[in-house]
Protein chains: 2
Amino acid sequence: MDRRQQKTRDAVFKALSSLLEKKRFSNITVQEIIDEANIGRSTFYAHFDTKDELLKAMCTDIFSHVFSDELMSEETHDFSGNNNGLESKLTHILYHLKDNEKNIVGILSCESGELFMKYFKEYLSEMFSQYLSQYLNGVKMKAPADFVINHLVGSFAETVKWWIDNRMKYTPEETARYYIEVSFIDRIIPDQYVLNSTNKK
Amino acid sequence: MDRRQQKTRDAVFKALSSLLEKKRFSNITVQEIIDEANIGRSTFYAHFDTKDELLKAMCTDIFSHVFSDELMSEETHDFSGNNNGLESKLTHILYHLKDNEKNIVGILSCESGELFMKYFKEYLSEMFSQYLSQYLNGVKMKAPADFVINHLVGSFAETVKWWIDNRMKYTPEETARYYIEVSFIDRIIPDQYVLNSTNKK
DNA sequence: TATGTTACCGAACATATTGTTCGTAATTAT
DNA sequence: ATAATTACGAACAATATGTTCGGTAACATA
């Protein structure tokens with residue numbers, strides 16, 4: 001990619017991020033973004049068709065780092081704790097989010113976080129579905145499977161939002177622990193399963 | 001309130017509700033609302049300063065019915081189940097939401113639900129805080145109290161969204177049951193507490 | 001029924017935002 | 001060096017916002 005393109009793209013992301021700290025997304029004008037990023041009007045529209053596309057691109061950019069290929073794979077080598085690696089996966093996500101702290105805080109603050117959360121949940125949903133598929137059949141619950149997934153995704157997203165709203169004053173490990181503590185994950189992935197895990201085919 | 005005012009207000013709410021079924025809130029213009037409601041331009045602005053104020057008024061209107069005074073009080077006479085009336089409270093909320101189904105489905109559909117959810121959570125948060133204040137001190141958990149409240153509120157809100165997205169095909173009782181099933185409420189309000197509840201001062 | 005009040009109408013207006021076009025200048029890759 | 005790509009910025013049409021105001025209709029009260 002041309003350096004100029006990358007430079008423009010970065011400037012726009014940074015500008016939007018900065019503006020989001022002060023006002024909500026829908027009340028930010030393209031002109032403000034242009035001024036803040038210090039680029040030409042036509043340049044903006046050469047990069048993004050609309051303001052919405054810009055936000056989408058920005059979220060996609062962030063999540064491509066947060067949800068790395070490694071993370072999305074079912075193979076995890078950390079089985080510490082009694083939830084078969086899930087907790088370490090979540091901790092991992094939180095660390096990556098912290099790396100992007102400057103951008104994300106802007107997006108989430110000032111009542112504009114809903115759009116970010118929407119995209120975030122899409123990624124989380126895929127991760128949880130893939131990860132839990134091996135367990136869900138064996139669990140006896142009244143609630144439908146999609147409800148269970150939705151619940152786990154939604155409440156982890158809420159956890160992240162709470163964490164960021166609290167300026168990340170808790171460590172990723174603590175935060176992931178809190179989530180596991182209030183979730184019912186121990187009823188889906190019982191300790192027993194971990195003990196027998198070496199015997200699974 | 002003047003009948004004309006009420007009539008105009010209703011027409012605007014109905015119009016917005018209808019438009020929200022087709023497109024997201026931020027892409028709806030005041031002109032479209034005016035045309036759909038069949039009112040004069042100046043009339044709209046006499047009622048609402050901005051489009052945002054309109055949505056807020058509409059949500060407040062709905063929630064004033066859903067979160068009735070009776071519901072918000074700590075005194076509940078239904079202690080069936082082992083969660084000291086919480087489940088029946090939630091079921092109650094779901095029934096009221098179903099009464100407003102026509103309006104709510106419009107608000108929640110087409111990627112515009114986030115704003116509704118925001119206001120919804122504010123009400124839920126107050127309810128849960130008030131309701132759980134008597135229990136939280138006695139529970140031994142690592143997670144901070146505000147995290148716990150946030151988790152319960154967020155995941156119930158997610159439950160409601162899931163329920164509505166599924167066209168309310170489950171009954172309020174079933175849905176509340178699913179929520180209680182995946183929550184950790186039984187660790188906050190143990191059965192034992194209910195048995196002793198007649199002895200509390 | 002008469003009267004004062006209030007709400008609605010709708011056209012017109014200034015202002016602001018959006019998204020496009022195009023000729024020119026600067027930067028980049030080879 | 002040079003050809004291709006990108007950024008610039010002014011100008012533009014189209015659309016949306018929020019206000020003003022004179023006239024009309026509906027309301028409450030007596």
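Not measured: the values here are computed from a predicted model. Lettering of chains follows the sequences in order, A, B, ..., and the numbering in each one begins at 1.
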Once you round it to whole Å, what is the distance between [atom2] of [N] and [atom1] of [X]?
X     : N      : atom1 : atom2 : result
B/R3  : C/dT5  : CZ    : C1'   : 15 Å
B/F48 : D/dT19 : CZ    : C1'   : 18 Å
B/I34 : C/dA11 : CD1   : C1'   : 13 Å
A/Q31 : C/dA16 : CD    : P     : 12 Å
B/Y45 : C/dC8  : OH    : P     : 16 Å
A/N27 : D/dT17 : CG    : P     : 12 Å
B/L54 : D/dG18 : CG    : P     : 12 Å
B/D52 : D/dT17 : CG    : P     : 11 Å

If you assign B/M1 and B/K51 each to the DNA chain D nucleotide with the nearest heavy atom, which residue ends up on the more 5' nucleotide?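 Here B/K51 is the residue nearer the 5' end.
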Parallel, tilted or perpendicular: which describes the rings of [X] and [Y], with under 30° parallel and over 60° perpendicular?
X      : Y      : answer
A/F147 : A/H151 : parallel
A/Y123 : A/F63  : tilted
A/F128 : A/F156 : perpendicular

When you measure from the centre of the six-membered ring of B/F25, is the NZ or CZ of B/K51 closer than 6.0 Å and no more than 45° off the axis?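 The answer is yes, since B/K51 meets both limits relative to B/F25.
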Could you run through nucleotides 2-14 of chain D and give me one letter per nucleotide, 5' to 3': B if any protein heavy atom sits under 4.0 Å from the base, S if only the sugar-phosphate is that close, - if neither? ---BBSBB-----
Establish, yes or no, whether a centroid distance under 6.0 Å links the rings of A/W162 and A/Y170.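 Aromatic pair counts; centres sit under 6.0 Å.
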Is there a donor in the side chain of B/E173 and an acceptor in the side chain of B/Y95, or the other way round, less than 3.5 Å apart?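 The criterion, which ignores hydrogens and geometry beyond distance, is satisfied for B/Y95 and B/E173.
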